[in-house]
2 protein chains.
Amino acid sequence: MKLNTELENMILHFGEMGSRWGFNRTVGQMLALLVFSDEPLSADDIAASLSISRGNVSMALKELHSWRLIRTHREPGDRKDYFLANGTIWELSQQVLEERKKREVDPTLSMLRSQLMASEQDAMPHHARQQMQEIHDLLELFNHWFDDMQHMKPEHLQALMRLGSGVGKVLEMTDRLRPKTKKKAIGND
Amino acid sequence: MKLNTELENMILHFGEMGSRWGFNRTVGQMLALLVFSDEPLSADDIAASLSISRGNVSMALKELHSWRLIRTHREPGDRKDYFLANGTIWELSQQVLEERKKREVDPTLSMLRSQLMASEQDAMPHHARQQMQEIHDLLELFNHWFDDMQHMKPEHLQALMRLGSGVGKVLEMTDRLRPKTKKKAIGND
DNA sequence: CTAAACTTTCAGAAAATACTGAAACTTCAA
DNA sequence: TTGAAGTTTCAGTATTTTCTGAAAGTTTAG
């Protein structure tokens, strides 16, 4: 795979950003390379394109697999593994967010949960306990919301995002229509 | 500030998570300490509580300021600076997300933007260009949505999150009611 | 102005993280 | 069963990031 300068810049950029996105430079570069390539690449292709060691490529492939961002393709009659991005940009983004939630939110949530459980009767200062509860509740809210969003159809989710804060307006309206009742009450046109 | 074991564990946890959240261990620990403390703390208090050097505390305070996560309080007749968390848990979270967006999304968006601008007539492979466009559009959508959300009243935003994917249902309904018209059309009960 | 009280800076040390390349391992065609 | 083709592992090295502590800087009471 021969890279033109623009493409190479973009790949280097993804490498730089990698660490901010939760993985390392090599993983970032390889993800970019595979996303921008229109055909699956072998580990040797990748090592050559990015001028990195074969071992490093192997590690990074493992990491990318563990994030479910790539998949392996095998040609019949060829022993080599070929790798490609595991879905559309939208799907890859979802995957990254999902994985980052697991690493950045879930551990703290479970720590807070057990702490708030265990310490019913102990000597935690009042304000600290209260703050922990707030963080806990916020993370829990976020988690449920995030789960819900992930299960929406992409086109609905996209429409919703495009609507932006407009959604607030719409909901206020419907709220005024049905101050405490079930959705069905809306459909009476 | 004397810390009981539970609190100390939580602070250590925030330190560990720090790097995943976009800052370093010391910054994470200090943020936790100030969030859980019910009174402002001096730099020396912090250094002592966390057993870290005074210089490190100074660096981390600068970082926390730059994220707008803390503010400085001065007692009249006391030369020391005292530091405290800059708002509620909700406000702090918003601040963290805002800052992370700046660091994790904006640079890539502007890189993509200039790349897609500049390369109208150049030799970028078609598939690569297309993928860049997709990433660009997704990040732009995300950015607008995020901005919009940040300008919503917290209680509205929270209500919206609690609604989760239920919002999709509600919107489908209203859509059926007013297939292309202005909001006012809803109010006709 | 002076100097005590306090804060920041920054060069070098320490710690954490990432990368290389050679050896070990696996797979499969013959 | 063998060995060529391919992949993974991991000890050692390189790089990056973070932390320390002493020196430089700042502020203010007297």
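Numbered from 1 within each chain, the chains take letters A, B, ... in sequence-line order. Bear in mind the structure is a predicted one, so any value in this text is a computation, not a measurement.
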Assign the ring pair A:W21 / A:F23 to parallel, tilted or perpendicular, where the plane angle (0 to 90°) is split at 30° and 60°. perpendicular
Sugar-phosphate only, base, or nothing, as touched by A:N24 at under 4.0 Å among non-hydrogen atoms: sugar-phosphate
Checking B:H151 now: which residues fulfil side chain to side chain contact (heavy atoms under 4.5 Å, CB included) with it, not counting sequence neighbours? none
Between A:H65 and A:T72, does the side chain to side chain donor-acceptor pair (under 3.5 Å) criterion hold? Intermediate values first, please. CA-CA 9 Å; A:H65 264 126; A:T72 306; 3.1 Å; yes
Mind checking whether B:E98 and B:R68 have side chains closer than 4.5 Å, heavy atoms only? no
When B:I52 and B:R79 are each assigned the nearest nucleotide of DNA chain D, the 5'-most assignment goes to B:I52
To the nearest 0.5 Å, what is the distance between CG (B:D148) and CG (A:L163)? 9.0 Å
Shortest non-hydrogen pair, A:Q94 vs A:Q150, comes out as O-NE2, 3.2 Å
Opening and closing nucleotides of DNA chain D in contact with chain B, under 4.0 Å to non-hydrogen atoms: D:dT18 to D:dA29
DNA chain C: 5'-most and 3'-most nucleotides touching chain A, 4.0 angstrom heavy-atom criterion: C:dA18 to C:dA29
Take A:S58 and B:G77, find for each the nucleotide of DNA chain D with the closest heavy atom, and name the residue whose nucleotide sits nearer the 5' end. A:S58
By nearest nucleotide on DNA chain C, pick out whichever of B:R54 and B:S19 is the more 5' one. B:R54
Rounded at 0.5 Å granularity, tell me how far CG in A:L139 sits from OG in B:S93. 7.5 Å
For the side chain of A:Q131 and the backbone of B:V35, is there at least one donor-acceptor N/O pair under 3.5 Å apart? yes
Which residue lies toward the 5' end of DNA chain C, A:V57 or B:S42, if each is placed at its nearest nucleotide? B:S42
